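Below is one structure, written out as structure tokens, with a few remarks after it.
Computed from a prediction, not measured in an experiment: that's the story for all the values here. Letters A, B, ... are given to chains in the order of the sequence lines, protein chains preceding strands, and every chain is numbered from 1.
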Protein chains: 2
Amino acid sequence: MGVTKTALFKKKQNRIATLAKAFDHPARVAIIEYLLRHETCICNDLVNEFPLSQSTITQHLKELKRIGIIKGEVEGPKVNYCIDEKVWEETKGIFNQLFTQYVSKNDCC
Amino acid sequence: MGVTKTALFKKKQNRIATLAKAFDHPARVAIIEYLLRHETCICNDLVNEFPLSQSTITQHLKELKRIGIIKGEVEGPKVNYCIDEKVWEETKGIFNQLFTQYVSKNDCC
DNA sequence: TTAACCTATCGTAATATTGCGTTATAGCAA
DNA sequence: TTGCTATAACGCAATATTACGATAGGTTAA
């Protein structure tokens, strides 16, 4: 159906799925990496940086903002975007917790 | 278009995007968590565990296998699935590297 | 005011994803 | 052989995503 049965899963599983969406498209990874590299927040240098149209970039920014991992602040005619520290730390924590759950099994399959 | 312009991005960005897809759907998160909990690999206890049809579960397993984060081993009529340690460690590493790149900026926006 | 911007939104087209029912297919047991 | 179980594959329908051009709104500078 193209529709995810969110209600069938635990809150945390849905949260992980939502946060993972910040990284599941190379353009969004590129945007996040750009934000990590630049101490100053940005606006649409991204349009000049990446070979994607302005509307496509805006759409990805909107998605990242919906997820919460970035936030934007209007500054005159521009919007400065930056990583939302709180959500970033949440993401880091929730994935670290997941990653460290794995213990090597002696050649299970 | 629904088509991601993979060629426009760096190899690593595409790799991150691919690996993130293992976690961008709650059902896949649930399957992975199941595999983390159970030392023994599994087959389709998942069908009994989750309120999704067999064909849907199989599809998610296929996607996880395509990504590489799990692997399956035919054992008679069943298939035992388990986390692929190598890819798991790669994922852990690549995300850790990303997460630790963030340094708190004093109130950037 | 006008002109030059930066952004967001809208509409459209193409493709991808999700989910399921329904079939194959394969192994094992009786 | 037959029957049972476990998987995989196929096809369909509904929805989501990706990308873009065109448009519109808001802000600053001239």
Side-chain angles (χ1 to χ4, degrees), chain A residues 1-9 13-14 17-18 20-32 34-35 40-67 70-82 109, chain B residues 1-9 13-14 17-18 20-32 34-35 40-67 70-82 109:
Chain A
M1 302 181 175
V3 69
T4 297
K5 298 198 158 180
T6 303
L8 301 183
F9 301 97
Q13 290 165 344
N14 283 305
T18 297
K21 283 190 164 293
F23 304 98
D24 78 352
H25 190 288
R28 290 198 281 271
V29 174
I31 291 173
I32 288 171
Y34 187 95
L35 286 170
T40 23
C41 317
I42 63 123
C43 68
N44 265 28
D45 317 299
L46 296 170
V47 178
N48 300 315
E49 188 82 0
F50 306 118
L52 290 173
S53 74
Q54 180 260 319
S55 51
T56 303
I57 300 270
T58 296
Q59 209 167 4
H60 282 302
L61 285 169
K62 191 178 168 188
E63 176 67 5
L64 288 170
K65 226 164 57 174
R66 190 190 63 78
I67 293 166
I70 70 167
K71 53 185 175 177
E73 189 186 55
V74 180
E75 188 182 306
K78 318 179 189 180
V79 178
N80 282 346
Y81 286 102
C82 68
C109 72
Chain B
M1 306 178 173
V3 70
T4 296
K5 298 198 159 180
T6 303
L8 301 182
F9 301 97
Q13 290 165 345
N14 283 304
T18 297
K21 281 191 166 295
F23 304 99
D24 79 352
H25 190 288
R28 291 197 282 269
V29 174
I31 290 173
I32 288 172
Y34 188 95
L35 285 170
T40 21
C41 315
I42 62 124
C43 70
N44 264 32
D45 316 298
L46 296 170
V47 177
N48 300 315
E49 187 82 1
F50 307 118
L52 290 173
S53 74
Q54 180 261 319
S55 50
T56 301
I57 299 271
T58 296
Q59 208 167 3
H60 282 301
L61 286 169
K62 190 179 169 188
E63 174 67 6
L64 288 170
K65 223 163 60 173
R66 190 190 63 80
I67 293 166
I70 71 168
K71 55 184 174 177
E73 189 187 55
V74 179
E75 188 182 305
K78 318 180 189 181
V79 179
N80 282 346
Y81 287 101
C82 67
C109 71

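- At distances below 3.5 Å, not a single donor-acceptor pair connects side-chain atoms of A/Thr56 with backbone N or O atoms of A/Leu52.
- Taking atom CZ of B/Arg28 as the reference point, atom C1' of C/dG19 lies 12 Å away to the nearest angstrom.
- In this model, the phosphate group of D/dA19 is approached by a side-chain N or O of A/His60 to a distance below 4.0 Å at OP1 or OP2.
- For the residue pair B/Pro51 and A/Leu8, the shortest heavy atom distance occurs at O-CD1, 3.6 Å.
- Taking atom NZ of residue B/Lys5 and atom P of nucleotide C/dT15, one finds them 13 Å apart after rounding to whole Å.
- Applying the salt bridge (Lys or Arg N to Asp or Glu O under 4.0 Å) rule to pairs touching residues 41-54 of chain A yields A/Arg37-A/Glu49, sequence neighbours excluded.
- In this structure, B/Asn80 places its CG atom 16 Å from C1' of D/dA8, rounding to the nearest Å.
- With B/Glu63 as the fixed residue, the side-chain contact (heavy atoms from CB on, under 4.5 Å) test singles out one of B/Arg66, B/Gln59, B/Lys65: B/Arg66.
- Per the geometry, NE2 belonging to B/His25 stands 14 Å off C1' belonging to D/dT17, to the nearest Å.
- Distance NZ (B/Lys78) to P (D/dA8): 13 Å, rounded to an integer number of Å.
- Rounding to whole angstrom units, CZ of residue B/Arg66 and P of C/dA16 are separated by 11 Å.
- Counting to the nearest Å, the C1' atom of D/dC20 and the CD1 atom of A/Ile57 are 12 Å from each other.
- Counting only N and O atoms by type, the side chains of A/Glu73 and A/Asn80 include no donor and acceptor under 3.5 Å apart.
- Between A/Leu46 and A/Leu61 there is a side-chain heavy-atom pair separated by less than 4.5 Å.
- Residue B/Ser53 places at least one side-chain N or O under 4.0 Å from the OP1 or OP2 atom of C/dC20.
- Partners of B/Asp24 according to the side-chain hydrogen bond (donor to acceptor under 3.5 Å, both in side chains) rule, which considers only residues two or more places apart in sequence or in another chain, are B/Arg28.
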Under 3.5 Å, which N/O atoms of the protein pair with N/O atoms of nucleotides 25-30 of chain D?
none

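- Heavy-atom distances to DNA chain C give each of B/Thr4 and A/Thr6 a nearest nucleotide, and the one nearer the 5′ end belongs to B/Thr4.
- The side-chain contact (heavy atoms from CB on, under 4.5 Å) check on A/Ser55 picks up A/Ser53, with sequence neighbours excluded.
- C/dT17 atom C1' lies 9 Å from atom CD of B/Glu63, rounded to whole Å.
- With sequence neighbours excluded, the residues forming a side-chain contact (heavy atoms from CB on, under 4.5 Å) with B/Val79 are B/Val74, B/Tyr81, listed by chain and number.
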Every protein N/O lying under 3.5 Å from an N/O of nucleotides 8-13 of chain C:
residue, atom, partner, partner atom, Å
C/dA8, OP1, A/Tyr81, OH, 2.8
C/dA8, OP2, A/Tyr81, OH, 3.3
C/dA8, N7, A/Gln54, NE2, 2.9
C/dA8, N6, A/Gln54, OE1, 3.0
C/dA13, N1, B/Met1, N, 3.4
C/dA13, N3, B/Met1, N, 3.4

